[in-house]
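Proteins get letters first, then strands, A, B, ... in listed order; numbering begins at 1 in each.
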Amino acid sequence: MVQPVLYPPTQLSPAAALALSQQAPSILRSSPSTVSSSPFSALFAGSEKPELWLQYENLILSCLRTGDEQAARQCLQRLVARFGEDNERVQALRGLVKEAEAKNNSDLEGVLKEYDQILSDNDTNIPIVKRRIALLRSMGRISDATSALVQLLEFSPTDAEAWSELSDTYLSQGLYPQAIYAMEEVLVLAPNAWNIHARLGELQYMAATAPGVTQGGYQKYMAEAIKRFSRSIELCDDYLRGYYGLKLVSKKLLSDGAKATKLPEDSEFSFPDTNTIERLNELATAKLAEIVRHSTAHDRGWRGYNEAEIAAAQELLSEDESASSAIKR
Amino acid sequence: MAQVPVQTIHRDPQLFYWILFPITIVMILTGVLRHYATVLMASAPKKLDRKTMREQRALLHGINVRGNYHVLSKPSFTARRDALITAYESGAYLKDPDARGQPPPNPMSDPSAMEGMMGMMKNQMAMIIPNTLIMSWVNAFFSGYVIMKLPFPLTVKFKSMLQAGVATKDMDPRWMSSISWYFLCIFGLQSVFNFLLGSDNAANQMAQQMTQMGPQAGQMFGPGIDPNKQFLAEAENLAVIEHHSVLDGVEQRLLEAVKV
């Protein structure tokens, strides 16, 4: 069992982050603040482990989330003492702490100026570039953030994190084709990431159901969405988001009827026939019901699903039931 | 044939304390010293400037697209391929587009390449100097007599290895001279260093020689390689791909694989 302090902190629920930051004083007390590099102490105390510094980094993030800036400062001091002021990651973390402590917009502008200053000395400082983009985005300057992201990806096109952030930025502006393109780049870098496959399916579904989409575009997006969701389930058994999307898309296609499943000649993917869509819909419904049943009963081996996602799946299933009972009546 | 009588040689028990023990201690200490000397002498990895990073990552991007094209649908793959091939062939990603077509510069004149070679030289020196010193020390003080008997039988082939410095024809190969003990220490102390210094230590020269013989990972962007040629080769690789998608028929596969 991995300690919670070593988990990626962005995946912690708010409650877990709060619990972690409440443990911060005891963690800070029990871990060494520096590691001596002399050979004799290394013989007796054990050598330096990367986990120690990862732990401090995660603790900073959790403490900032829960407003414990004092503990965050303490962790940061230890990281600075170990890696020096000029380390790229440490610079980014210090910027993060400053952003969290900023009281108003002019403070944030000051932090942004510091980032620009650092970048004018060293324009390949990727952690700082990313912090600057995140700050621009949280200040509401979306178009600046987008252009900074595009610049970053121009000289570092193998950065999956930046591509997925770009996709999210485009999505927030409603630019679906651009968001899909960026998400496809993430897939090129991580071809077997089932969550990215499902996310791409979600983007296609959103693009298909967006207002103002043409009939041909609608069919193209829907045909790829159903395939993306299927692929994500193929890569990860019992993947809730995959089944949810599969059910959503297949239900929509079935309600459209047979007329919509004809595709223009030049398209890449053809729709599966109605029979297959029906079977996919049945499969997704059955699997969703199974996941919801096991998960709400807290069965062994079925834990770890996100509660909000389970609730959404339940809602989707109950919608389905009420619709079918209405038809019977 | 008559049984060969077991050879017995009366040795002073003090040999153990005054020869075996000192040689071992000295070998361990030099290993530790060499580790710290290498750590001190190591130069920080050089920072890439923006244009070099762009050149290298653009090439990696193309390799990724070539390797994972199956996750894309055909139109999006074709769009990427066309864009990449055009950019590669026009040299858009090159660090200095003016140097296209010219022969690559002599790697000896490139300062960054020289630095890498200096690092290698330093490591070699840190190995050779202490080894020469210790070997001459062992030779000067402890050569010419056997110091111990191995507890297991060996064939005659080992004679030259174990009895270096003792020129007797008929002696059982189980008898060992001090210079042989020194060689055994060179080869056998790796686990001791792992215990003392951690597994990525620089104490044992054998491990370093192994890595030097292995395939060199950094060779792709090494000095003396023309990036323009790499780009052109990659463009060709991309051009010959026959596209198929992992999404073809995925619904059928899913329905067959997953049973409720």
Could you name each residue pair satisfying salt bridge (Lys or Arg N to Asp or Glu O under 4.0 Å) that touches residues 235-246 of chain B, not counting sequence neighbours?
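Counting only pairs at least two positions apart or across chains, no salt bridge (Lys or Arg N to Asp or Glu O under 4.0 Å) contact touches residues 235-246 of chain B.
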Which residues satisfy the salt bridge (Lys or Arg N to Asp or Glu O under 4.0 Å) test with A:Glu154, sequence neighbours excluded?
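So A:Glu154 forms a salt bridge (Lys or Arg N to Asp or Glu O under 4.0 Å) with B:Arg54.
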Residue list, salt bridge (Lys or Arg N to Asp or Glu O under 4.0 Å) with B:Arg66, at least two apart or on another chain:
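So B:Arg66 forms a salt bridge (Lys or Arg N to Asp or Glu O under 4.0 Å) with B:Glu234.
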Tell me the residues of residues 180-194 of chain A whose non-hydrogen atoms fall below 4.5 Å from those of chain B, in number order.
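Result: A:Tyr181, A:Glu184, A:Glu185, A:Leu187, A:Val188, A:Leu189, A:Pro191.
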Just give me the residue among A:Asp237, A:Ile226, A:Thr276 that pairs up with chain B most often, heavy atom to heavy atom, under 4.5 Å.
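Option with the greatest count: A:Thr276.
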Pick whichever of A:Asp123, A:Asn122, A:Leu200 has the most heavy-atom pairs under 4.5 Å with chain B.
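Sorted descending by pairs with chain B, the first entry is A:Asp123.
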Please determine, by modelled atom types, if A:Thr124 and B:Arg50 share a side-chain donor-acceptor pair under 3.5 angstrom.
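No, B:Arg50 and A:Thr124 have no side-chain donor paired with an acceptor closer than 3.5 Å.
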Please look at A:Ile196 and chain B and tell me whether the side chain, the backbone, both or neither of the residue comes under 4.5 angstrom of a heavy atom of that chain.
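Neither part.
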Pairs of heavy atoms under 4.5 Å with chain A: top-ranked of B:Gln252, B:Met53, B:His70, B:Lys51:
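Sorted descending by pairs with chain A, the first entry is B:Met53.
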Rounded to the nearest 0.5 Å, how far does [atom2] of [Y] lie from [atom1] of [X]?
| X | Y | atom1 | atom2 | value |
| --- | --- | --- | --- | --- |
| B:Leu247 | A:Ser230 | CG | OG | 8.5 Å |
| B:Asp248 | A:Lys227 | CG | NZ | 6.0 Å |
| B:His61 | A:Asp159 | NE2 | CG | 11.5 Å |
| A:Leu283 | B:Glu251 | CG | CD | 12.0 Å |
| A:Leu153 | B:Arg57 | CG | CZ | 10.5 Å |

What do you reckon, is CH2 of B:Trp137 surrounded by more than 12 foreign heavy atoms closer than 6.0 Å?
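Above 12, so yes.
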Taking atom CD as the centre, does A:Glu278 end up with more than 12 heavy-atom neighbours from other residues, nucleotides or ligands that are less than 6.0 angstrom away?
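Atom CD in A:Glu278 is packed in, count exceeds 12.
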For B:Leu254 and A:Glu234, work out which heavy atoms get closest and say how close.
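Heavy atoms of B:Leu254 and A:Glu234 come nearest at CD1-N, 4.1 Å.
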